[in-house]
Each structure stands twice: as C-alpha cells, then as structure tokens.
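Here the structure comes first, spelled out in structure tokens, and everything after it is commentary.
So you know, we letter chains A, B, ... as the sequences are listed, proteins then strands, and number each from 1. Computed over heavy atoms, backbone and side chain alike; hydrogens, waters and symmetry mates excluded.
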Amino acid sequence: MIDSPAPAGPAIIVAGLTKRFGHFTAVDAIDFSVQRGEIFGFLGPNGSGKTTTIRMLLGLLPPTAGAAHVLGIDVARRAGQIARRVGYMSQHFSLYPDLTVAENLDFYGRAYGLRGRTLRRRRQEALARVGLEAQRRQITASLPGGWRQRLALAAAILHEPALIFLDEPTAGVDPVSRRSFWRLLYDLAAEQTTLFVTTHYMDEAEQCHRLAFIHNGRLIAEGAPGQIKQTRMAGQVLEIRCEQPQAAMAALRQAGLADVALYGRRIHAIAPDLDRRLPELSALLAPAGLRGMQIIPPSLEDVFIANVQ
Amino acid sequence: MLVQILNLTWKELLQLARDRFLVLFLILAPTLQLVLLANNTARGIVDLPAAVLDLDQSALSRDLVLALDNSEEMQVRFFPPDRGHLLALLDAGDAQVGIVIPPGFSRAFFAGNDPAQIQALVDGSNVIVGANARQVIESVANQLLFRRLRHTPLPDMGGVEVRTSALFNPAFDFQWFGIPSMVAFITYQVALVVAATGFVREKELGTLEQLLITPLRRLELIIGKALPAILVGLFNFLLLLAVQRLGFGVPLRGDLGLLIAVAALFVVAIVGQGTLISVFTQTQQQAVLLVFLVAILEVTISGYLLPVESMPLVMRGLAQVSALQHFMAIMRAVALRGADLAMIQGHVLAIFIFALAAGGIAWRGFTRAL
C-alpha cells in the first residue's frame, strides 16, 4: 500500500461544493474545512444533503460544481484514490451478517490490500480497540446492535486511515452503547485521526470539536458548539413550568410568541428580550397554573430547531 | 375480525400497487406466458430438413421425393450420392431425417402383394421429431401413391411400408432424449438464480456501497461475484452429468473434455445473464421473480417442452438467441451422436456470442448504475 503523501493543512477543504440532480439542488455551494485530529460534527435534518455531501467527499458522486480536497486529494479529479486512504462507516450496518466477526474483518482487510501477518496484527488491534476479542468467532448476525456498531468501526479502521467518515454511526443504539462508542472516537481523535461524523443526537453534537449545520443543501452555521450557541441564537430561551402546558402554550402564541415548544413537561419559548417581558408573561400565564420560569442558556437542540424553522 | 382482515388486505394491496416493478411483473408475466405457450402448442413439425437417397430413380420415386418436399412437414435439402454421405449429414445434424428409396421400389409397388419398402433413418437423439418424421413419411407416401393408383387400379395392393431405424438411440428411449435436456435446464436454472441474487443481495444488505469505497476495482468486483456462481453452476453440471451417465445409463459417445469445456462456456453465459438481472433490480424478490419469468421464456423457446422443429417460424427465430436451446442441442449431439467440435461449432459460437453480449451489457449497467 502506498502511504498518503501526508500534506500539511486541513484534512478536508470544501469550497462552493454543489450537487444537482436534475432541477433539484441537493447541496448548494457549501464551504467548510476540517482540521486534522478534529471531531467534526455534520448536522442537519433528514434530506438536508448530509449523505450526498459525504458521497461526494468519498469520491462516489462527482460534484456538479465547486471543489473539495480530502487529505489533499482533489475529489473531482482523483476520486479513485480517496477510498484507500479514508475509512467509512455507513448509515446502515454494512457487514455480512452470515460471516463471523473475524471473517468480516479479514474480508475488508484484504479488500484494503492487507495480507498475512500485517492483516492478522491489524485485525487483533482493531478487535482489542473495540473490545470484541472474545466475540471473534461469533456469527455477526447474533451480535447485539451496539456491538455491531463497534465491529463496523473496527472494519473502518483496519487500514489505519487518517480520516474516517461516520454517517449516523449510533442510530438506533442504546445510550450506554452510544457513550462507549464515543469514547472510542475520542481515543482515535487523540491519536490524530480526523473524524467526520453526522448525527441526530444533540448530546453527541455537543461532544464534537466543531460543527456545521446544513439545511436544504445550504450551510447555515459553522463553529465550535459553544460559539454556535452564542452567535446563532436570535433571542433568549425562556423555560416555563406550569400546571397546564397546553393552555400556557396557546396563551403564549396569542401574545405573539411564535417559537414555542414543549420539552417533556416544560415549555421553551424563544424570542428576543424575553428577560424584560417577564412580569407581563407571568401575569399572562397565571391562569395556566404558572409554577416558575427562568431564562436558560440555549441547548444545541434549541439552536438547531430555531435555525431550521 | 373481518375488519382487521380487510384492513390488512388493503394495506397489502397498497404496498403491491406502490411496487411498480411488481405490478408490471404481475401484468406482463402471465400475459407473456400465455402468448408464448399458446403460440407454441402442437403444430406438428414444419420443414424438417431431409436428405434423400433415391436408388430407384423411377418416375414413382421421383414423384415421392417431390411430394415429400411439397409437404408442410418436410423439406428435402440434400441428395447425397451414397449411404455414407447420408449418414454424415445426419451425424452433423444438418439433416434430421434420411430417406432411402431402394432399387426396385417402383417395381415392387406395382407388383402388389407385399408392400413396397422405403427406409427412414431418423435422429433418435430427438425422440419427438423422430417419431413424427416416421408418421409423416408414411402418410405422404401412401397418399401420393394411392392418388396415382386411382388411374390404374391394380389388385392386391400392399401399399408402402416405411421401415424406420432410429440412429443414435435404437430403442427410441425417451429418457435418452429427455435427460440431457433436463440436465442442461437444471444447470441453467441453478447458475441463473445464484448469479441473479448476487449483487442485489449486497444492495439489500448495504454492503455494496461499502465495497464500492474500498480499493476493489469494479472489474474485480464483478468477476469476484461471478466466479462463485460459475463454480456452483459447473459443479452442478458435473454432478448431473454423472447421474445421467451412471444413474440413467444414457451413453456418452462424444468427448467428455469437450462437453465440460462447452458446459463451462454455457455457465459463463448464463451467469452473465444472471448478473444482468442482478444489476438492474433492487431487491432479491425482484431478482427471483425475473429469473422465474426468464426461465419460463427459456422453457418455451429452448425446445425443452416442444422440439424447436415444431415451433412456428417466429419462435424458431427466438430459439436461435436462446443459449439454453443451443446447449441442449450440444448435450444431445455430444452424448448421443458422439459429435465432435466441428459438428457443434455453430451452437458453440452462438453461446459464445450470447456470453459476450450478456457480460457486456451487465458490465455497462454496473458501471453506469453504481
């Protein structure tokens, strides 16, 4: 295997990247860059253009316009060279259910050109890293969901790529397994592996070094999670507790507050200058059995929903 | 309970209607099936290629040859100079029936008493055609001769008797004819279904996308997927061939190596066809349904149910592009007639072209669609 020329600079540089399917623009002139060793979160609602972007970065889809460089390789001109240098863990579990854990890894290892002793060593390392050594002879179909994700990660890191794309890697996995999966990602990032992750879980998004929001094919925010929460929120978040949330929400909407949402038994209302309107609102909400309210720092979820609406 | 049943039924129908492929299949497949089968039912043989050796050279014998040629069932294409050439034509499969009119045929006929004899040599490797040919010759001969006799009636007419010898299959054993065709057909089905579900299974699992971003090249991928199907098909063929020889006692008069080599080419062609199905379908269900449709088509046009010789002209044209039809012909020729490569080269060439075409289209579809 040829080692990558390891050019200095960002792992991914995207400039004006666009993909059209007929009249539909799936990805619309997006720009961003991903630094080496960074966990980069790529967020957006379903159908916003996330997977299309990843497919272009992997060299599977040619861009309609714009440019992207992945590990210094031009996606449009040398698409075929990206595959061997990056790892990819797709949205759907994509290993063979009827093969054992070790057989799956051997197959993918060989596909990446690993042979003999090197293959065996890398397989052992990958299994040890994801904690599946004891399961190596087990049929993949019999693994529980969380373990399968870890096996898929093991397959993606066998050839020691400098950059890994993870497309919703933890979809449908329980919280404990998600936590342990993310611990694996931190370890990889600490070793200077760049991770490009898409997710719908906001707690996971908070753990990324940097984030980009994509909506309807356009990039609407980019930056560190804290930075995005500060700059991308046009207003304050007021958390309200009361006896009759439905009545309270109706009252708030009548008072002209459009951005009102229920989080469990609490209401989040988002609007500018809410701190100055507290007395007025407490009078308004008294009939709904107001228990208490306070201005809280916005969560990523608030930012996400506010920006998408 | 009924409400729930209807609820479920409605849901199923909605899903069915949404699957455009399935709707198309449910309309197209039965229609096609019926059209094919209806057009292909029992017309009797047409224009069977015949070779005539007329050793009598009388007015009567020449009339008989003319009448045979004018009949719908037979076409006299060859006039070999002697018996040896006649047999060679039958060996090569150029003629499927040989007629020998012995010297003194005319005299024997007009002498009366015993029936005048002619000899029919039919290709016993195709039992249905052989049996048909005998009947045709007998009825044509008797019709003609009795028509002539209306003008000069003679007492004690014996008529004409056709002495038939079935070449290659003297006992006229139907199994000898049927089993090689069955072996070909089963090999065909196995290779087709294994290949057809290959890529589509990877599509369903989501592993195809994963494979596409590995350094595996497209050509490596397509050959790597085709090879196991080819091996399975070939193994199957060898197994069935052993059963044909040892279990059913069907002779293998030709070269075993030649037969295996041609079978390998045939399996490659069919795996190409299967891969084509696999590339253009999205689910295994679709692929299996298509295999089912194609197999019905092949059963009809390959001569598995009815000999190609008895098909209407359009169907006979279709049969020429059926790799299975050519392979069945090869199986019978090599096993029963002991044919060598020169005798079956037309069929081999047809399979080769089929393999190239199917492989080429599958490759184009694969590189375009993925």
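Across B:Glu209 and A:Ser90, no two heavy atoms sit closer than the pair OE1-CB, 3.9 Å. Contact between B:Pro215 and A:Ala83 at its shortest, heavy atoms only, is N-CB, 4.5 Å.
Within 6.0 Å of the CZ atom in B:Phe235, the count of heavy atoms belonging to other residues, nucleotides or ligands does not exceed 12. For A:Arg121, the CZ atom counts as densely surrounded, since its 6.0 Å shell holds more than 12 non-hydrogen atoms of other residues, nucleotides or ligands. Counting non-hydrogen atoms of other residues, nucleotides and ligands closer than 6.0 Å to OH of A:Tyr96 gives a total above 12.
For A:Asn104, no part lies under 4.5 angstrom from a heavy atom of chain B. For A:Arg55, the part lying under 4.5 angstrom from a heavy atom of chain B is the side chain only. Using a 4.5 Å cut-off between heavy atoms, A:Ile82 does not touch chain B at all. Only the side chain of B:Arg201 comes within contact range of chain A, with heavy atoms under 4.5 Å apart. Residue B:Glu220: no heavy atom, backbone or side chain, is found under 4.5 Å from chain A.
Listed by chain and residue number, nothing satisfies the ring pair (Phe, Tyr, Trp, His ring centres under 6.0 Å) test with A:Phe181 (two or more places apart in sequence, or in another chain). Remark: A:Phe165 pairs with A:Phe196 by the ring pair (Phe, Tyr, Trp, His ring centres under 6.0 Å) rule, at least two apart or across chains.
Side chains of B:Leu212 and A:Tyr88 form no contact here, defined as non-hydrogen atoms less than 4.5 Å apart. Proximity of B:Thr207 to A:Tyr108: side-chain heavy atoms (C-beta onward) are separated by under 4.5 Å at one or more points.
Separation of atoms CZ (A:Arg84) and CG (B:Leu216) is listed at 10.0 Å; rounding is to 0.5 Å.
Counting heavy-atom pairs closer than 4.5 Å to chain B, the top residue among A:Gly87, A:Ala111, A:Ala155 is A:Ala111.
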